[in-house]
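Encoded as structure tokens, the structure appears first; notes follow it.
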Amino acid sequence: MFAKSTWIKLPRNVLVGHGVLDDVGTAVAELSLGGTPLLVTSPTPDDLAGDRLRAQFDGAETVTVDTASFAAVGEIVEAAEAAGATFLVALGGGKPIDLAKMAADELGVGFVSVPTAASHDGIVSGRSSIPEGDTRHSVAADPPLAVIADTEIMANAPWALTTAGCADIISNYTAVKDWRLARRLKNVEYSEYAAALSEMTAEMLVDNADSIKRGLEESSWVVSKALVSSGVAMSIAGSSRPASGAEHLFSHQLDRIAESPALHGHQVGVGSIMTEFLHSGAQGQWRSIRNALEAIDAPTTAADLGIDDETVIEALTTAHTIRDRYTILGDGVNEEAAVEVATFTGVI
Ligand SMILES: NC(=O)C1=CN([C@@H]2O[C@H](COP(=O)(O)OP(=O)(O)OC[C@H]3O[C@@H](n4cnc5c(N)ncnc54)[C@H](O)[C@@H]3O)[C@@H](O)[C@H]2O)C=CC1
Ligand SMILES: O=C(CO)COP(=O)(O)O
Ligand SMILES: [Zn+2]
């Protein structure tokens, strides 16, 4: 008997465009959720757009979060229960969105994602990425019921957040290579459809690099659509595999050990240059990755990240320990090899 089955959960309403922040109420009404939401945000996005959102939800309370942690998820759950909220609306960068995503899952209610920065593909995905002690959990949760990405707000966000989102998408190339490797060597579950969608998303972004420029609202449009597409690839896969490989392990490790980590997307971009080198060698495509990052103003070196060389080497040699996810790092890159890859690619 054929016993395979799959359940793909995707957002129902996706709005991307100038001024769509004022359409959140309409998009939510169309979902027939009923009741009142709890608004989950962080300080800057709250200042920027909180009032415009509250104006669309009579009597909605707001909880403001600062750090991504399981304790913060607990605080949101408590606040939602106390307020009798029937769904959550997350406004901001990756942190409030990830935390609301997990809290909504725990509460068994829906959530709506209102990103104020095009900083990475977690704004759409069905995964939450939460650090805990020496590890980082990629937790399965339902994706948002709706995503409302206002390109005007995103275009006015610090440029670095947009280039971070671009780099997160460019890293799909190496993530998919790691996924295929793990499929061949470890027989991990694999979806050619999700892998192809993820690669195509990176390809389209690189092809459109000319329209990704500081001060150009179209940049937010191009990047938001790519982030949606990458998030959908993760939803189809049922894991972050299409968009997260060894370059993400490297970045997660930097988040743990660097004194002052850089933005998620910037770190994975630099990681991607090095893991592409590990995949395809000196004559391989690592230069294409570096050039693509350079073309959109994203960091390509440790110095650009503001992280010292030793920390980069430590992260590269220990990244394989952070999570049980097979990648090109195998059972670890030794220090000599790490120095060679980082030096050859100009990262250090
Ligand atoms: N679930 C997933 O698949 C993924 C989750 N993540 C998680 O997301 C988090 C990082 O996301 P970020 O967006 O970088 O963090 P974040 O939410 O802390 O935002 C970064 C900074 O940008 C500010 N900001 C946001 N919108 C702004 C605007 N329009 N104008 C001015 N400032 C603005 C925020 O106040 C914050 O200081 C991490 O916790 C990471 O683990 C990252 C990648 C994927
Ligand atoms: O950042 C992500 C995809 O871009 C999510 O990946 P993780 O599962 O590694 O947190
Ligand atoms: Zn990422």
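Counting starts at 1 for both ligands and their atoms, in listed order.
Classification of R241 and E189 as a salt-bridged pair fails, no side-chain N sitting under 4.0 Å from a carboxylate O. One finds a salt bridge joining R54 and D46 here, because a Lys/Arg side-chain nitrogen approaches an Asp/Glu carboxylate oxygen to under 4.0 Å.
Near ligand 2, D121, S129, S138, D168, M234, S240, A243, S244, H248, H252, H264, R323 each place a heavy atom less than 4.0 angstrom from the ligand. The 4.0 Å heavy-atom shell around ligand 1 contains residues T44, P45, L48, A68, G93, G94, K95, P96, D98, K101, T116, A117, S119, H120, G122, S125, R127, S128, S129, R136, I153, A157, P158, L161, L263, H264, ordered by chain and number.
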Problem set entry | Derivation and outcome, side chain to side chain contact (heavy atoms under 4.5 Å, CB included), residues H320 and T327 | CA-CA 8 Å; H320 65 289; T327 69; 5.8 Å; no
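For E152, the CD atom is densely surrounded, since the number of other residues' heavy atoms within 6.0 Å is greater than 12. Residue Y193 qualifies as open at atom OH: its count of foreign heavy atoms under 6.0 Å is 12 or below. Remark: E192 CD is packed, more than 12 non-hydrogen atoms of other residues, nucleotides or ligands lying under 6.0 Å away. Around CG of N334, the count of heavy atoms belonging to other residues, nucleotides or ligands within 6.0 Å exceeds 12.
For the pair T163 (side chain) and A298 (backbone), a donor-acceptor distance under 3.5 Å is absent.
Counting just the N/O/S atoms of H248, the one with the shortest distance to the Zn ion (ligand 3) is named NE2.
The Zn ion (ligand 3) has D168 among its coordinating residues (N/O/S atom, backbone or side chain, under 2.8 Å). Backbone or side-chain N, O or S atoms of H120 do not reach the Zn ion (ligand 3) at under 2.8 Å.
Between F277 and F344, the angle of the ring planes lies from 30° to 60°, which puts this pair in the tilted group.
Cation-pi geometry between K177 and W179 is not met: the NZ or CZ atom fails to fall both under 6.0 Å from the ring centre and inside 45° of the normal.
Residue E247 comes nearest to S171 through the heavy atom pair CG-CB, 3.6 Å, listed as atom of the first residue, atom of the second, then distance.
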